Amino acid sequence: MQKYLLPFCLLLHAACSQDSPSSPPKVDHTSLGTPAPPTMHHDSLHYLSRYVGQRPEAAGLWQTEPLKSRLKELLQDDYPVFMEAMQQAQPLKQERVVYTIGSFPGQGSGDFAFMVVDAGNNKLHVSIVRNKERRQFQSGGGALYLPQEIAQRLPQAP
């Protein structure tokens, strides 16, 4: 019995003295049959749905990131014009997309701007309708769903 005890102790000592990793190994959850949570890009606009029902200006929406940076990049020189129209924008609404409509202070009813966000496809669309002219700015390709309220208002625009 003693002749087996020494080799067993040496084997046990060798197993215990091995360096153990300082952090647990990375586990691919999909390999365990459990789906991993969706990956959110750092510039995702999914967070905007939390603001539905709130006025953007009152909620501080225009100062949130990445929306502020994305708007500045998309609109460039027209960013101040858009922000002027959005000072008293309607509360955010949701109809397949998140959107809001703003109007220019002291201007006719035909002058307005709107923002449409398709968070699922990470797309942003802004239109500025002013002085009988519509300027459109959109990230990404392809058409974006236009909510019924905006679609009805566009033909009335000069």
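All residue numbers in this chain count up from 1 along the given sequence. Keep in mind the model is a prediction, meaning the values are calculated, not measured.
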Picking from Leu124, Val81, Val126, what satisfies side-chain contact (heavy atoms from CB on, under 4.5 Å) with Leu75?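 When Leu124, Val81, Val126 are each tested with Leu75, the side-chain contact (heavy atoms from CB on, under 4.5 Å) holds only for Val126.
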Summary of ring pair (Phe, Tyr, Trp, His ring centres under 6.0 Å) pairs that have at least one residue in residues 113-142, sequence neighbours excluded: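 Sorted result for residues 113-142: Phe114-His125.
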Atom pair [atom1] ([X]) and [atom2] ([Y]), whose distance is rounded to the nearest 0.5 Å:
| X | Y | atom1 | atom2 | result |
| --- | --- | --- | --- | --- |
| Asp78 | Met83 | CG | CE | 13.0 Å |
| Ser127 | Ile150 | OG | CD1 | 8.0 Å |
| Ser103 | Arg130 | OG | CZ | 10.5 Å |

Partner set under side-chain hydrogen bond (donor to acceptor under 3.5 Å, both in side chains) for Gln87, not counting sequence neighbours: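 side-chain hydrogen bond (donor to acceptor under 3.5 Å, both in side chains) check on Gln87 returns nothing, list empty.
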Please name all residues satisfying side-chain hydrogen bond (donor to acceptor under 3.5 Å, both in side chains) with Gln136, sequence neighbours left out, ordered by chain then number.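 Scan of Gln136 (side-chain hydrogen bond (donor to acceptor under 3.5 Å, both in side chains), adjacent residues dropped) gives Arg134.
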Under 3.5 Å, which donor-acceptor pairs do the side chains of residues 51-67 form with other protein atoms, sequence neighbours left out?
{"residue": "Gln54", "atom": "NE2", "partner": "Arg50", "partner atom": "O", "Å": "3.4"}
{"residue": "Arg55", "atom": "NH1", "partner": "Ala89", "partner atom": "O", "Å": "2.6"}
{"residue": "Gln63", "atom": "OE1", "partner": "Lys68", "partner atom": "NZ", "Å": "3.0"}
{"residue": "Thr64", "atom": "OG1", "partner": "Tyr47", "partner atom": "OH", "Å": "2.8"}
{"residue": "Thr64", "atom": "OG1", "partner": "Leu61", "partner atom": "O", "Å": "2.7"}
{"residue": "Glu65", "atom": "OE1", "partner": "Ser69", "partner atom": "N", "Å": "3.3"}
{"residue": "Glu65", "atom": "OE1", "partner": "Ser69", "partner atom": "OG", "Å": "2.5"}
{"residue": "Glu65", "atom": "OE2", "partner": "Ser69", "partner atom": "OG", "Å": "3.2"}

If you look at every heavy atom in Ser44 and His46, which pair is closest and at what distance?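 Distance-wise, the nearest heavy atoms are OG-CD2, 3.0 Å.
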What pairs meet the side-chain hydrogen bond (donor to acceptor under 3.5 Å, both in side chains) rule with one or both residues in residues 93-102, with sequence neighbours excluded?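 Only Gln90-Lys93, Lys93-Glu149, Glu95-Tyr145, Tyr99-Glu149 qualify under side-chain hydrogen bond (donor to acceptor under 3.5 Å, both in side chains).
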Kindly write out the residues that satisfy side-chain contact (heavy atoms from CB on, under 4.5 Å) with Ala113, not counting sequence neighbours, or none if the list is empty.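 Partners of Ala113 under the side-chain contact (heavy atoms from CB on, under 4.5 Å) test: Phe82, Ala85, Met86, Ile128.
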Derivation and outcome, side chain to side chain contact (heavy atoms under 4.5 Å, CB included), residues Leu154 and Leu146: CA-CA 10 Å; Leu154 278 174; Leu146 201 57; 3.7 Å; yes
Given side chains that start at C-beta, do those of Asn131 and Asp111 come closer than 4.5 Å, heavy atoms only?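 Side chain of Asn131 against side chain of Asp111, heavy atoms only: contact under 4.5 Å found.
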Answer yes or no: is there a side-chain heavy-atom contact under 4.5 Å between Leu45 and Arg70?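 In short, these two side chains touch, coming nearer than 4.5 Å.
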